[in-house]
Amino acid sequence: MFYWVVKAILGPVLAVLWQPRAEGVENVPRTGPAIMVSNHLSFSDHFFGPLPLPRKITFLAKAEYFTGTGPKGLISRLFFTGVGQIPIDRSGGKASEGALRTGLRVLKQGKLLGIYPEGTRSPDGRLYRGRTGVARLALESRAPVVPMAMINVDKIMPPGRTVPKLGIRPKVVFGEPLDFSRYYGMEKDPRVLRAVTDEIMYALLSLSGQEYVDRYAQSVKRELEQAAKEERKEQHADAKERKRVERAKRKAEKKALKEERKAARQAEKDERSEEATEAG
């Protein structure tokens, strides 16, 4: 119920402020289960993706949305819980298996399940390699897979930004359902899972027009964070070196001034001595 209340309130606001566009809505089944696979550009994907659909999408959301502290954490927890999003642990192993079972349960209930195959938001607007959990969901549930490409949302609310930008029109394109019936019963074959996942990512690539990177986004994020950390470290070291040089310069100037004053006093003393000698 809360989901529809939020959508009824936010829908008109989003429509007025950003005038979002949608294509291919007819490709989303009106009834029954379906896996809605999307690229992940921004936090606002959660709003603009489901907006044009008459059905609710239940997303598997990262657990961090439900565990934050302070006012911001409370608001996030209440919102994602209220709209029916399901927290998942992304640490791998048994946690990944639990997320899979949760997704299968949602599909068994005849709902639309939303999932981001990249596993995290794109760090730079490019499309990254998909994780094979989405393929296992597709093959075990035998539900249709509908690609959902988000466009321009990263310009509205890129990672790290809390206030959305105006003047940008987002777009969501729903592709035709993908059929993987030829792979049914082969969900334990890693090569099949990779083939299915790559086909899903290619469909998203075709709809979104993004540049594709055959690497996991999380790995690239770690590299970027490490590079930023090293840059900050270098900047800190440079700042310390500049301060050291400045201190040494001030010390040298102070010493030179002291020597200059000493020399001036000695010259004055010598001059007075000479004057006394001449007078005597």
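This one's a predicted model, so the numbers in the text were calculated from it and none came from an experiment. Excluded from the calculations below are hydrogen atoms, water molecules and symmetry mates; all remaining heavy atoms, backbone and side chain alike, are included.
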Please name the pair of heavy atoms, one in [X] and one in [Y], separated by the smallest distance, quoted to 0.1 Å.
| X | Y | answer |
| --- | --- | --- |
| A135 | T197 | CB-OG1, 3.4 Å |
| G49 | F174 | O-CZ, 3.6 Å |
| A99 | L60 | O-CD1, 4.0 Å |
| P54 | R30 | CG-NH1, 3.2 Å |
| V146 | G175 | CG1-O, 3.5 Å |
| G11 | L51 | CA-CD1, 3.6 Å |

Checklist entry - Between D154, N152, L17, which is the residue that forms a side chain to side chain contact (heavy atoms under 4.5 Å, CB included) with I168? => result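 It is N152; the other options fail the test.
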Checklist entry - Out of I200, L178, L137, which residue meets the side chain to side chain contact (heavy atoms under 4.5 Å, CB included) rule with I35? => result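 Per the side chain to side chain contact (heavy atoms under 4.5 Å, CB included) rule, the option paired with I35 is L137, out of I200, L178, L137.
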Item to check | Verdict with reasoning, E140 to L100, per side chain to side chain contact (heavy atoms under 4.5 Å, CB included) | outcome: CA-CA 10 Å; E140 289 195 26; L100 175 71; 4.0 Å; yes
In Å, rounded to the nearest 0.5 Å, how long is the span from [atom1] of [X] to [atom2] of [Y]?
| X | Y | atom1 | atom2 | answer |
| --- | --- | --- | --- | --- |
| L193 | L139 | CG | CG | 6.5 Å |
| S122 | E211 | OG | CD | 10.0 Å |
| I151 | L41 | CD1 | CG | 9.0 Å |
| L257 | R250 | CG | CZ | 14.5 Å |
| Q218 | R129 | CD | CZ | 15.0 Å |
| E230 | R232 | CD | CZ | 9.5 Å |

Next on the checklist: Determine whether R121 and K221 satisfy the following criterion, side chain to side chain contact (heavy atoms under 4.5 Å, CB included), listing intermediate values before the conclusion.
Outcome noted: CA-CA 9 Å; R121 278 178 282 181; K221 273 189 174 181; 4.1 Å; yes
Any side-chain heavy atom of [X] sitting closer than 4.5 Å to one from [Y]?
| X | Y | result |
| --- | --- | --- |
| P29 | T31 | no |
| V172 | P20 | no |
| S219 | Y128 | no |
| R247 | R244 | yes |
| E97 | R136 | yes |
| F59 | I115 | no |
| Q210 | Y212 | no |
| L205 | M201 | no |

Checklist entry - What orientation do H46 and Y116 show, parallel under 30°, tilted 30 to 60°, or perpendicular over 60°? => result perpendicular
Tell me if a side-chain donor or acceptor on [X] pairs with a main-chain N or O of [Y] at a distance below 3.5 Å.
| X | Y | result |
| --- | --- | --- |
| W18 | V13 | no |
| D45 | S42 | yes |
| S38 | M148 | yes |
| K56 | K111 | no |
| R21 | K171 | no |

Heavy atoms from other residues, nucleotides or ligands near [atom1] of [X] exceed 12 (cutoff 6.0 Å):
| X | atom1 | result |
| --- | --- | --- |
| Y216 | OH | yes |
| R182 | CZ | yes |
| E223 | CD | yes |
| K7 | NZ | yes |

Using the rule that two of Ile, Leu, Val, Met, Phe, Trp, Tyr join whenever any of their side-chain heavy atoms come within less than 4.5 Å, decide whether [X] and [Y] are in one cluster.
| X | Y | answer |
| --- | --- | --- |
| F48 | V16 | no |
| V37 | L207 | no |
| I57 | V153 | yes |
| V220 | L127 | no |
| L204 | Y202 | yes |

Next on the checklist: Under the criterion salt bridge (charged side-chain N to carboxylate O under 4.0 Å, His left out), I'd like the reasoning laid out for R126 against E118: C-alpha separation, chi angles, the key distance, then a yes or no.
Outcome noted: CA-CA 11 Å; R126 296 185 293 178; E118 292 169 280; over 6 Å; no
Item to check | Lys/Arg N to Asp/Glu carboxylate O, E187 vs R142, below 4.0 Å | outcome: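 A salt bridge is absent here (no side-chain N lies under 4.0 Å from a carboxylate O).
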